[in-house]
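Worksheet: the structure to be examined is printed underneath.
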Amino acid sequence: MTKQRIFNIIQIGNKDDIPSRLFDIFIAIVISVNILVMVLETYSQLSSYFQLLDTIAFVTIIIFCIEYILRIWTADLLYPDLSKPKAILKFLISYDGIVDLFTILPFFFLSGFIAFRILRIIRIFHLFRINGQYDSFAVIFSVLREKRNQIVSSILIVLILMLASSIGIYYAEHDAQPDVFKNAFSGIWWSVSTLLTVGYGDIYPITVAGRIMAICTAFLGVGVVAIPTGIISAGFVEHYSRVKLLANFAKDEHIDLLTIKINDAHCWNGLKIGEIGTPENFLPAIVLRDGEAIIPVSDLQLKIGDTVVLAADSYFLHTY
């Protein structure tokens, strides 16, 4: 089996290749078994089966190690523009590379960090095509970028309110409870639990002034802490609706959109979105693939069967 073939098989989410799809399912099953073993080993009632569970865990880790080695070996195919050493380094420091490493090392060296194995479940997300190129996650990341100023402003408001309430509760309660509200940090702990409506009950005011401040802080916390959630939710709905609107317009061949079908002879086949050349005043708006609308991120690689929808600048100006 050639190196290129192995690379194609171990690539995540290549559902056009049956062996690759079967490999993804196999890895997903191995990940599920590994996590299940980790959970079962926390039950003392199953101590008689611990040796069997350890053996199963060892086998699954060996499979992860083989997969990790294969991904390092084929890194130059994943990053063809880089030399082999640079490609390997880029994979090692990539998100997937770090996750793979931190799910293997705890078994051999860092037993205290065995919970990092749960990160392997991200591979299952990839299997079901829940990743940065497709609708949900891409929209969330885009919304966080677009709304970052509003989110930062709302977080600053929360921090200011937290600091003000912590100092206020300290001066209101310190004389009455010197052992409880020893310093400003004690007030910060109380303000966080109150603002976030957790209310652990380990620290609470007993004076009239302190209780009045607690009431005000709790009411403000319900409203202020909800601001970032509202911003993100509204942005998510707005962005997701925009993507779906563009996709529907693409199907209807809206006058402001240019639809390009990729075939084996098209010059864009195999190129990334950031590498294609678009007509003047047109930008990639959406990519339709296998009935799904994909966000045209710069590193998304086009393939045969894709439909690229280019939107004119005037379209965005008139619509948004």
Mind checking what makes side chain to side chain donor-acceptor pair (under 3.5 Å) contact with T207, not counting sequence neighbours?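 With neighbours one apart ignored, the set is E173.
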Going by side chain to side chain donor-acceptor pair (under 3.5 Å), name the residues that satisfy it together with Q45, two or more places apart in sequence or in a different chain.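 None.
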Minimal non-hydrogen separation, [X] against [Y], with atom names:
| X | Y | result |
| --- | --- | --- |
| F23 | R71 | CE2-NH2, 4.2 Å |
| P205 | W190 | CD-NE1, 3.7 Å |
| L82 | A87 | CB-N, 4.0 Å |

Using the rule given for side-chain contact (heavy atoms from CB on, under 4.5 Å), can you reason through L92 versus L101, listing the C-alpha separation, both sets of side-chain angles and the distance that settles it, and then say yes or no? CA-CA 8 Å; L92 292 176; L101 181 63; over 6 Å; no
Among residues at least two apart in sequence or on other chains, which ones pass side-chain contact (heavy atoms from CB on, under 4.5 Å) with [X]?
| X | answer |
| --- | --- |
| L22 | I18 |
| I157 | V224 |
| I232 | L144, I151 |
| V180 | Q177, I203 |

With side chains defined as the heavy atoms from C-beta onward, is the minimum distance between [X] and [Y] less than 4.5 Å?
| X | Y | value |
| --- | --- | --- |
| P284 | I276 | yes |
| I61 | C65 | yes |
| I227 | Q150 | no |
| I9 | L70 | no |
| I260 | L310 | yes |

Check which hydrophobic residues are tied to I212 through side-chain heavy-atom contacts below 4.5 Å, counting indirect links as well, and list them.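 Reading the cluster by chain and number, I212 sits alongside V208.
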Apply the hydrophobic cluster definition, ILVMFWY joined by side-chain contacts under 4.5 Å directly or through others, and give me every member besides Y204.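 Its cluster mates, by chain and number, are I206.
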Quick one: pull up [atom1] in [X] and [atom2] in [Y] and give me the separation to the nearest 0.5 Å.
| X | Y | atom1 | atom2 | result |
| --- | --- | --- | --- | --- |
| M162 | L195 | CE | CG | 8.0 Å |
| L161 | S166 | CG | OG | 9.5 Å |
| W189 | T194 | CH2 | OG1 | 10.5 Å |
| T307 | L302 | OG1 | CG | 10.5 Å |
| S20 | I6 | OG | CD1 | 12.5 Å |
| T74 | Y79 | OG1 | OH | 10.5 Å |

Using the rule that Ile, Leu, Val, Met, Phe, Trp and Tyr join whenever any side-chain heavy atoms are under 4.5 Å apart, tell me whether [X] and [Y] fall into a single cluster.
| X | Y | result |
| --- | --- | --- |
| L40 | I29 | yes |
| I72 | F64 | yes |
| I66 | L77 | yes |
| I93 | I88 | no |
| F7 | I63 | yes |

Starting from the C-alpha separation in whole Å, work towards a yes-or-no answer on side-chain contact (heavy atoms from CB on, under 4.5 Å) for V59 and V33. CA-CA 10 Å; V59 172; V33 170; over 6 Å; no
Would you list the pairs meeting ring-ring contact (aromatic ring centres under 6.0 Å, His included) in which at least one residue belongs to residues 25-46, sequence neighbours left out?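 Counting only pairs at least two positions apart or across chains, no ring-ring contact (aromatic ring centres under 6.0 Å, His included) contact touches residues 25-46.
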Within a reach of under 6.0 Å around CD of Q51, are more than 12 heavy atoms found that belong to other residues, nucleotides or ligands?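 No.
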In terms of the angle between their ring planes, are Y68 and F91 parallel, tilted or perpendicular, with boundaries placed at 30° and 60°?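 Answer is tilted, since the angle falls between 30° and 60°.
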Test your reading of the model: is there a side-chain donor-acceptor pair from K261 to the backbone of D306, 3.5 Å cut-off?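 Not confirmed, K261 side chain does not pair with D306 backbone.
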Sidechain-backbone polar pair: S191 side chain, I188 backbone, donor-acceptor under 3.5 Å: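 Pair found, side chain donor or acceptor close to backbone of I188.
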Could you pull out every donor-acceptor pair under 3.5 Å between side chains of residues 216-223 and any protein atom, sequence neighbours left out?
residue: T217; atom: OG1; partner: M213; partner atom: O; Å: 2.7

Pairs touching residues 80-93 that satisfy salt bridge (charged side-chain N to carboxylate O under 4.0 Å, His left out), sequence neighbours left out: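 Pairs touching residues 80-93 that pass the test: D76-K84.
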